[in-house]
Amino acid sequence: MTQGVLDEVLVAVLALIGLLALVVVVSRIRIRRNAVRTLERLAPLRPDLLAVAAGEDEQGDARRRLAGDRSAGPALDRAVVDLLTKVRGAPADALVTVLRERNGVARALDSLEARSSVRRARATRTLGLLRDPAQVTDLVRMLDDRSGEVRIVAARAVGALGPRAGASAASAVLRAVRSRRSAPGVPATVAMGTLTQLGVEAEAAVAVGLEDADPGVRNVAAAVAGHSLFLSCAPRLAILAATDPDRTVRVSATEALGTVGRPGDVRAIARLLAPDEPASVRGAAARALGEMGGIHAVEALLEVLADDDRFLAVTAANALAQSGDGRGALVLAAADPDTPESARSAVTGVLQVLELRDATRGAG
């Protein structure tokens, strides 16, 4: 390649860089101008927006002016939606009324069919902020949207409804956890948060989810069963903790069993401390025994204080510290000259933390 050709390529690259820089600058200028125009349009309406959001519009005059305004356009709708994320109760109801009277809700419903995933997500978020059970069907439908981002927004919107979303919505959220068309499902943390918000309405769906073929669904169901104290799920959790082929599910089921299990489950959990179990499962078993407490749990935890897995030993010592019987056992182990040195180090460390915590509380 000759020098002349190289020079031409270099000039072309520099020109392209300059063009891209110009596009970025122009885009930023447009964004700023649009932001300024939006502020200018909303400025006359800001007192009314604040009055409605603060619950100070007793006669409804501000609400009516907002509903009847035609100058601010979509900017006012977006401002109302943003305020709905910050207020509850009567002010939120008044803002929803403004949105309905401005046909904002109707436009959101139409946008659920938009080609743009951004518009669909924005519309789904708007419908969720209404906190209206009448919108459940539409929100559940969006849990099956082709866009993962829209599905996440839909799951959160369902959660905002709480128990009013109903049992069918809980089932739909769990189905949305499944991977589809080579795309991941709704993230476990999002699904867990939503199902927890649904409360007892989610119990039947969670029980079914524990039997699902998808390990992601079983994992979410197990975690929610424990967090929401679904006692009816304990027998199935015990089976998953011991036999599920997915290690993550076993960990979640074991930890959940620690909160919803019966006294008879202590021995089953204690068996999961066996050396041939995966380290993550053994740690979950130690934490679960700490949650359950009782003499049998204390005995099982004492046996692993000298384990070769030092992380497990410390986990067991911390689990013992959660109950009066366990703390007493730690004190005795620290004073016993026959306690192995490896166990003593875990016990001493936890006892020192407890003493420091007690001293801090006493000083406070």
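Any value given below was found using the heavy atoms of this structure, including those in side chains, with hydrogens, waters and symmetry copies removed.
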Partner set under side-chain contact (heavy atoms from CB on, under 4.5 Å) for [X], not counting sequence neighbours:
| X | result |
| --- | --- |
| Ala123 | Ala108, Ser111, Leu112 |
| Thr85 | Arg125, Leu129 |
| Ser171 | Arg175, Ala205 |
| Ala62 | Asp48, Ala51, Val52, Asp57, Arg65 |

Glu101 with Arg63: basic N within carboxylate O range, under 4.0 Å: yes
Salt-bridge present (Arg151, Asp144; N to O < 4.0 Å): no
Please examine the side chains of [Y] and [X], heavy atoms only from C-beta on, and report whether any two atoms are closer than 4.5 Å.
| X | Y | answer |
| --- | --- | --- |
| Leu130 | Leu127 | yes |
| Asp214 | Arg218 | no |
| Val224 | Phe230 | yes |
| Leu330 | Leu302 | no |
| Leu139 | Leu161 | yes |
| Val331 | Val347 | no |
| Val80 | Leu66 | no |

What pair of heavy atoms forms the shortest contact from [X] to [Y], and how long is it?
| X | Y | value |
| --- | --- | --- |
| Ala169 | Val158 | CB-CG1, 3.9 Å |
| Val304 | Ala316 | CG2-CB, 3.6 Å |
| Ala155 | Thr194 | O-OG1, 2.8 Å |
| Pro91 | Ala53 | CB-O, 3.3 Å |
| Leu289 | Ala270 | CD1-CA, 4.2 Å |

Which ILVMFWY residues can you reach from Val118 by hopping between side chains whose heavy atoms are under 4.5 Å apart? none
May I ask you to list the residues sharing a hydrophobic cluster with Leu272, side-chain cutoff 4.5 Å, ordered by chain and number? Val251, Val281
When you measure from the side chain of [X] to the backbone N and O of [Y], does any donor-acceptor pair fall under 3.5 Å?
| X | Y | result |
| --- | --- | --- |
| Arg344 | Asp336 | yes |
| Ser228 | Gly199 | no |
| Thr315 | Gly283 | no |
| Arg119 | Glu113 | no |
| Arg64 | Gln59 | yes |
| Thr259 | Ala256 | yes |

Contact list for [range], test salt bridge (charged side-chain N to carboxylate O under 4.0 Å, His left out), sequence neighbours left out:
| range | result |
| --- | --- |
| residues 246-273 | Arg250-Glu277, Glu255-Arg287, Arg262-Asp265 |
| residues 89-100 | Arg100-Asp132 |
| residues 221-236 | Glu211-Arg236 |
| residues 303-316 | Arg282-Asp307 |

For Asp212, the option from Leu174, Val217, Asn219 that meets side-chain contact (heavy atoms from CB on, under 4.5 Å): Val217
If we check side-chain contact (heavy atoms from CB on, under 4.5 Å) with Thr124, which of these qualifies: Arg156, Arg141, Gln135, Met142? Met142
Verdict with reasoning, Cys233 to Leu210, per side chain to side chain contact (heavy atoms under 4.5 Å, CB included): CA-CA 8 Å; Cys233 296; Leu210 293 173; 3.7 Å; yes
Does any pair with a residue in residues 316-333 pass side-chain hydrogen bond (donor to acceptor under 3.5 Å, both in side chains), and if so which ones, sequence neighbours excluded? none
Taking side chain to side chain donor-acceptor pair (under 3.5 Å) as the test, write out the residues that go with Glu291, two or more places apart. none
Ser117 and Glu149: CA distance, side-chain angles, deciding distance, side chain to side chain donor-acceptor pair (under 3.5 Å) verdict: CA-CA 8 Å; Ser117 61; Glu149 289 78 8; 5.6 Å; no
Quick check: is Met192 connected to Val206 through a chain of hydrophobic side chains (ILVMFWY, heavy atoms under 4.5 Å apart)? yes
Val249 reachable from Val177 in the ILVMFWY side-chain graph, under 4.5 Å edges: no
Does CZ in Arg70 sit with more than 12 non-hydrogen atoms of other residues, nucleotides or ligands closer than 6.0 Å? yes
